[in-house]
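Start at 1 and go down the list; that is how both ligands and their atoms are numbered. The structure displayed is predicted, hence computed values, not measured ones.
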Amino acid sequence: MKRNVITDTLNRPLRDLRISVIDRCNFRCSYCMPKEIFGDDYPFMPENELLSFDEILRLAEQFTKLGAEKIRITGGEPLMRKDLPLLIEQLSELEGIHDIGLTTNGVYLIKQAKALKEAGLHRVNVSLDAIEEKVFQTMNGRNVKPKAVFKGIDAALSAGLQVKVNMVVKKGVNDGQIRPLAEYCKAKGITLRFIEYMDVGQTNGWNFSDVVTKKEIYEKLTDIAPLIPVKKAYFGEVASRYRYKDSDVEVGFISSVSDAFCSSCTRARISADGKLYTCLFAESGHDLRAFLRNGASTEELEHYLTSIWTNRSDRYSEERTEETVKKRKKIEMSYIGG
Ligand code: SAM
Ligand code: SF4
Ligand code: SF4
């Protein structure tokens with residue numbers, strides 16, 4: 001396959017494609033889909049507004065020709081999209097894609113891990129914000145017990161998937177769970193990645209003072225064992241990685257608030273209804289679904305995607321101030337997929 005890697009105005013290549021396959025979710029995490037706003041009458045997308053698997057494939061193929069090597073499937077909760085293993089199977093046949101991952105809250109892995117692995121999925125990032133039942137239930141907004149996620153993690157490991165755990169830390173809510181979760185993951189040999197709570201969307205009431213920074217988390221972890229820095233594996237790796245001195249197990253930090261990494265951001269994101277976003281904090285997206293459904297040719301699609309990426313100049317996290325947090329009208333995380 002002929003690959004023509006395109007770069008944006010800040011010389012960042014297009015490398016990663018994140019595809020949201022659904023905007024619905026079985027959780028109501030307070031930092032993402034607060035239950036007071038995402039209630040029973042919330043207008044989620046009807047099925048015909050979601051990109052079809054054929055449309056996703058057509059876009060993914062074009063993105064690989066422009067440089068994308070990795071695909072991550074996300075949501076909402078991606079395991080709620082019907083027949084997801086079929087999509088994974090088709091994506092895994094694309095020439096040039098060497099890594100397919102999935103981000104999930106883990107509850108449905110118990111049923112689907114095996115089929116996903118057989119379809120060609122390489123790894124899963126399971127979001128888990130607490131070990132303690134009450135704290136986890138407060139975080140997920142739906143009274144789901146952590147046991148449901150532990151079982152999902154075990155199913156993924158047994159199926160032979162690589163597993164990482166992601167924890168979003170919210171000050172005063174689940175920061176007491178940093179050490180217990182780190183100990184759980186260390187005992188299982190799983191990498192735990194701490195995600196700084198971000199000001200995505202308009203609904204979570206984010207405030208700088210709710211953020212627990214990488215530095216604060218790091219200090220809590222050194223009570224378990226000293227941490228040794230691990231070199232970045234590739235350009236654009238978002239997590240800064242460390243290894244416990246007494247084991248091979250790693251921990252990572254995704255410090256988009258206290259230490260932004262826009263200068264190496266190589267990610268394009270497609271929402272479940274087919275809008276392309278060149279930044280998590282973009283105010284609007286480019287309607288690829290309309291473009292496809294209006295009969296665009298392969299050349300037109302290539303031209304359109306190229307013009308969007310080569311004009312990209314986003315670097316929101318590097319520019320974040322009290323002012324931008326208030327002013328910018330941002331899309332919801334459950335819509336774009338994180
Ligand atoms: N439902 C799946 C899950 O939770 O893993 C996939 C979609 S979720 C939007 C993707 C990731 O975004 C999760 O790891 C979640 O914790 C993270 N996330 C959501 N809202 C966030 C926020 N305000 N700040 C930081 N991370 C957030
Ligand atoms: Fe659902 Fe994931 Fe958002 Fe939680 S973070 S509400 S699991 S989409
Ligand atoms: Fe990438 Fe935008 Fe996040 Fe910066 S703020 S790292 S450009 S998604």
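Distance from atom 16 (O) of ligand 1 to its nearest protein heavy atom, with residue and atom name: V168 CG2, 3.2 Å. Looking only at heavy atoms of the protein, atom 1 (Fe) of ligand 3 is closest to C265 SG, 2.4 Å. The protein non-hydrogen atom at the shortest distance from atom 3 (Fe) of ligand 2 is C32 SG, 2.4 Å. Closest to atom 12 (O) of ligand 1, if we only count protein heavy atoms, is M333 CE, 3.5 Å. Nearest non-hydrogen protein atom to atom 11 (C) of ligand 1 is T103 CG2, 4.2 Å. Of the protein's heavy atoms, Y31 CD1, 3.2 Å lies nearest to atom 20 (N) of ligand 1. Counting only heavy atoms of the protein, atom 8 (S) of ligand 3 lies nearest to L280 N, 3.3 Å. Here the protein heavy atom with the shortest distance to atom 7 (S) of ligand 3 is D314 O, 3.5 Å. The closest protein non-hydrogen atom to atom 4 (O) of ligand 1 is S127 OG, 3.3 Å. Summary of contacts: the protein heavy atom closest to atom 6 (S) of ligand 2 is C29 N, 3.4 Å. Closest to atom 8 (S) of ligand 1, if we only count protein heavy atoms, is G337 O, 4.3 Å.
Between the side chains of E216 and T213, a donor-acceptor pair is found at a separation under 3.5 Å. Side chain to side chain, S271 and D273 meet the donor-acceptor criterion of an N or O pair below 3.5 Å. Donor-acceptor pairing under 3.5 Å is recorded for the side chains of E77 and T104. Using a 3.5 Å distance cut-off with no hydrogens or angles, the side chains of T278 and D314 do pair a donor with an acceptor. Looking only at atom types and distance, the side chain of N105 has no donor-acceptor partner in the side chain of S127 under 3.5 Å away.
Counting only distance, with no hydrogens or angles, the side chain of R289 and the backbone of E49 share a donor-acceptor pair below 3.5 Å. With Q112 contributing its side chain and L79 its backbone, the two residues share a donor-acceptor pair below 3.5 Å. Side-chain N or O atoms of E332 include one that pairs as donor or acceptor with a backbone N or O of Q202 at under 3.5 Å.
The atoms of ligand 3 that sit less than 4.0 Å from any heavy atom of F261 are 6 (S). Close approach of ligand 2 to M33 is summarised as follows: ligand atoms under 4.0 Å from at least one heavy atom of the residue are 6 (S). Near S317, meaning under 4.0 Å from one of its heavy atoms, ligand 3 places the atoms 5 (S). Which parts of ligand 1 touch N204 is read off a 4.0 Å heavy-atom cut-off, strictly below it: atoms 23 (N). The distance from ligand 1 to the heavy atoms of Y197 drops below 4.0 Å at these ligand atoms: 23 (N), 24 (N). Ligand 3 places these atoms under 4.0 Å from at least one heavy atom of F281: 5 (S). Taking a cut-off of under 4.0 Å to the non-hydrogen atoms of N105, the atoms of ligand 1 that pass are 2 (C), 3 (C), 5 (O). Residue E77 has at least one heavy-atom neighbour below 4.0 Å for each of these atoms of ligand 1: 1 (N), 2 (C). Those atoms of ligand 2 with a heavy atom of N105 less than 4.0 angstrom away are 7 (S). Taking every non-hydrogen atom of C279 and a distance limit under 4.0 Å, the qualifying atoms of ligand 3 come out as 2 (Fe), 5 (S), 7 (S), 8 (S). Within the listing of ligand 1, atoms 22 (C), 23 (N) sit less than 4.0 angstrom from a heavy atom of V200.
Checking only distances, S334 never comes within under 3.5 Å of ligand 1, N or O to N or O. Of the polar atoms of M198, at least one N or O is found under 3.5 Å from an N or O of ligand 1, judged by distance alone. The distance criterion of under 3.5 Å between nitrogen or oxygen atoms is not met by N125 with respect to ligand 1.
C25 lies close to atom 1 (Fe) of ligand 2, since one of its N, O or S atoms is found at a distance under 2.8 Å.
Checking C32, G75, G76 against atom 2 (C) of ligand 1, the nearest heavy atom belongs to G76. Compare S264, S263, C262 by their heavy atoms: the one nearest to atom 4 (Fe) of ligand 3 is in C262.
With respect to Y31, the side-chain hydrogen bond (donor to acceptor under 3.5 Å, both in side chains) criterion is satisfied by exactly one of D129, D199, N174, N204: D129. Tested against K214, the residues S256, S240, S255 include a single side-chain hydrogen bond (donor to acceptor under 3.5 Å, both in side chains) partner, S240. Applying side-chain hydrogen bond (donor to acceptor under 3.5 Å, both in side chains) to E250 and the options R241, R243, R193 leaves one that passes, R241.
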What's the verdict on side-chain hydrogen bond (donor to acceptor under 3.5 Å, both in side chains) for K35 and Y42, showing C-alpha distance, side-chain angles and the deciding distance? CA-CA 10 Å; K35 60 176 181 235; Y42 187 83; over 6 Å; no
Check the pair R269, S20 against side-chain hydrogen bond (donor to acceptor under 3.5 Å, both in side chains), reporting the backbone distance first and the verdict last. CA-CA 8 Å; R269 298 175 155 90; S20 169; over 6 Å; no
Begin from the C-alpha positions of S258 and E196 and carry the test side-chain hydrogen bond (donor to acceptor under 3.5 Å, both in side chains) through to its verdict. CA-CA 8 Å; S258 70; E196 286 180 353; 2.6 Å; yes
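The shell of residues lying under 4.0 angstrom from ligand 1, judged by heavy atoms, includes E196. Using a 4.0 Å cutoff on heavy atoms, R269 counts as a contact of ligand 3. Residue contacts with ligand 2: G76 is included, with a non-hydrogen atom under 4.0 Å away.
A salt bridge links D154 to K188: at least one charged side-chain nitrogen sits closer than 4.0 Å to a carboxylate oxygen. One finds no salt bridge joining D248 and K186 here, because no Lys/Arg side-chain nitrogen approaches an Asp/Glu carboxylate oxygen to under 4.0 Å.
The aromatic ring centres of Y218 and F194 sit 6.0 Å or more apart.
In T104, the part holding a heavy atom less than 4.0 Å from any atom of ligand 1 is the backbone. Only the side chain of T74 comes within contact range of ligand 1, with a heavy atom under 4.0 Å; no backbone atom does.
A cation-pi arrangement is not found for R12 relative to F235, the charged atom failing to lie both closer than 6.0 Å to the ring centre and inside a 45° cone about the ring normal.
Grouped by direct or indirect side-chain proximity (heavy atoms under 4.5 Å, Ile/Leu/Val/Met/Phe/Trp/Tyr only), L10 sits alone.
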